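Heads up: the structure comes next, in structure tokens.
Both ligands and their constituent atoms are indexed starting at 1 by order of listing. Just so it is clear, the structure is predicted and the values come from calculations on it, not from any experiment. These values consider heavy atoms only, across backbone and side chains, with no hydrogens, waters or symmetry-generated copies.
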Amino acid sequence: MKQSKITISRDYRIAEVDNRIFGSFIEHLGRAVYGGIYEPGHPDADENGFRRDVLKLIREIDVPIVRYPGGNFVSGYRWEDGVGPVELRPRRLELAWSTTETNRFGTNEFMRWCKEANTAAMMAVNLGTRGADDARNLVEYCNHPGGTYYSDLRRSHGAEQPHGIKLWCLGNEMDGDWQMGHKNAVEYGRAANEAGKLMKWVDPSIETVLCGSSNSHMSTFGEWEATALDLCYDKVDYVSLHQYFDCRDGDVKNFLAKTLDLDNYIKTVVCVCDYIKGKRRSKKKINLSFDEWNVWYHSNGAQFEKWSEAPHILEDVYNFADALVVGLMLITLLKNSDRVKVACLAQLVNVIAPIMTENGGKAWAQTIFYPYMHASRYGRGAALQTLLSTTKHDTKDFTDVGDMDAVAIWNESEETVTLFAVNRDFEEDNLVSLNLKDFPGYVPVEHISMAGFDLMAVNTKDSAPVKPVHTPLCGAYSAEQQFSLAPLSWNVIRLKKD
Ligand code: AHR
């Protein structure tokens, strides 16, 4: 058995976790919208065509914010196509994913759906094929109360009250040559500056997100963020990061270590933001929006019919190993919650998602649903510096990988401490000693764990074996509590003041 020690103190906080760190993403891509959240005619659809079975699963997670409508899709999107009478909306060739977009679902449907899902919108504007003018018109359409062309247009479309969308993405992955309207950093920085400026003139209460690099392996990584940010520093509030991990080589040990890269990526972007802050002698701090993150590789190469409507695209079926990596990614995001204020698990339904559906049929939770749900439910509060002393190992690409990783969250008003932990070891238990000297009276109440599954085990519509086990705990207070983490396990240890 391996052993670890964790020390936490109420005085050593990383940050109060911004709830938006538990966000997600719905793109007009494959069956995320059509057949995912929206399927009129489905036996469980409500009067708006929203699938109630999907809404129920989303409410279980408690998703605070959802990015929309893309992704790559947004870089060719004409938002006007998706508002007004449905029968007048154009069918368009959708070039990002080579499908046909019917526009039956658009901005107002999404905002109505957000209410049902008890979530907020994070809206993206098209800075690929369009620019500042269309972006500011969309802000006017969504957020201006009335008495102007676009706000009255919204009212004529049945949305009397402004949507009040507070968070806006200035385009998507503009550094990638796959993007419609791809730009270099100077072109993009200037476009983002003008768009952000006009959008904030329309509604000064909004916040904007600058596109950082599409991932840390882009050849322009670092330089892209610095150049673009310097050109629009006063018009943006966050820089975006995107990261998807894969296990194409089948090396799960190495796969489980990839969150070291994630941590490094975050810290590098923080440095770039602070470098530009210093260079400009600014008082304003730019934070991070990790608005696409997940595991993504199972579905790559799957075929679909070009220009079809809502085909099966990127429908990764996640296994238990993926759930462990998602858990580790959540731990890493929480550990960096002093700067990561927004994060979106990409995506929410069907497309590289925790929730899957069949058209006309069931909806079910994939393996990755559970760590995401646990983090969202129990990860709200203050993230604590989690001083972790553990044994280490090396993998193909990484050295000094902790045999376990963990983060603790203290919810002061509810008087709870939650420890999220992953044991990376393939064979041995890890006995964790948690120092609770600074939390007198806090007793363990529950250990939720996912362990003992075949790493390749998956959930399907007919059989969903990969799910957590809830073990009630009823110990007395002790300054040092011990918990045993099974080999290859995701753990949520919940303590509450007696
Ligand atoms: O989430 C799927 C796609 O991944 C998004 O459209 C794009 O932004 C990213 O490359």
Side-chain angles (χ1 to χ4, degrees), residues 23-34 36-37 63 65-77 79 92 94-99 101 110 122-129 167-183 188 192 209-221 224-225 228 238-246 248 262 265 288-302 304 310-318 322 325-326 329 342-356 366 368 372:
S24 190
F25 177 28
I26 287 283
E27 177 168 3
H28 281 248
L29 194 186
R31 298 189 309 122
V33 173
Y34 306 107
I37 60 172
V63 181
I65 194 161
V66 177
R67 183 168 175 250
Y68 174 86
N72 296 341
F73 169 82
V74 80
S75 297
Y77 185 47
W79 65 265
R92 297 264 187 209
E94 202 294 283
L95 301 187
W97 302 101
S98 302
T99 58
E101 172 56 54
F110 179 67
M122 175 182 189
M123 189 66 80
V125 298
N126 175 354
L127 293 192
T129 61
L167 189 58
W168 294 78
C169 302
L170 301 172
N172 177 69
E173 295 190 349
M174 299 307 307
D175 61 327
D177 60 6
W178 59 85
Q179 203 68 213
M180 285 178 262
H182 160 58
K183 295 175 174 42
Y188 172 62
V209 182
L210 180 77
C211 291
S213 299
S214 298
N215 59 69
S216 59
H217 298 286
M218 298 296 289
S219 60
T220 50
F221 174 56
W224 168 276
E225 281 82 354
Y238 305 91
V239 169
S240 78
L241 298 84
H242 291 180
Q243 182 73 65
Y244 296 99
F245 289 134
D246 71 76
R248 266 188 213 101
L262 186 69
Y265 178 19
L288 310 191
S289 170
F290 213 124
D291 46 44
E292 289 187 33
W293 68 269
N294 201 350
V295 171
W296 173 9
Y297 72 107
H298 298 285
S299 63
N300 289 352
F304 65 93
H312 293 257
I313 313 182
L314 311 189
E315 297 197 0
D316 277 43
V317 176
Y318 290 109
D322 301 327
V325 171
V326 163
M329 292 179 90
V342 182
C344 304
L345 176 69
Q347 299 191 8
L348 188 54
V349 186
N350 287 331
V351 174
I352 44 175
I355 298 168
M356 288 293 276
Q366 296 230 58
I368 63 169
Y372 176 39

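Contact annotation: the side chain of Ile352 approaches that of Tyr318 to within less than 4.5 Å [non-hydrogen atoms, C-beta and beyond]. Side-chain contact between Met122 and Asp291 is present, with at least one heavy-atom pair separated by less than 4.5 Å.
Judged purely by distance below 3.5 Å, without hydrogens or angles, the side chains of His28 and Tyr68 pair a donor atom with an acceptor atom. Side-chain contact annotation: Asp175 with Ser214, donor-acceptor N/O pair under 3.5 Å present.
The salt bridge (charged side-chain N to carboxylate O under 4.0 Å, His left out) search around Glu173 returns none, not counting sequence neighbours.
Listed by chain and residue number, the protein contacts of ligand 1 are Phe25, Glu27, Gly71, Asn72, Trp97, Asn172, Glu173, Tyr244, Glu292, Trp296, Gln347, Ile352 (heavy atom within 4.0 angstrom).
Under the 30°/60° scheme for interplanar angles, the aromatic rings of Trp224 and Tyr188 are found to lie parallel.
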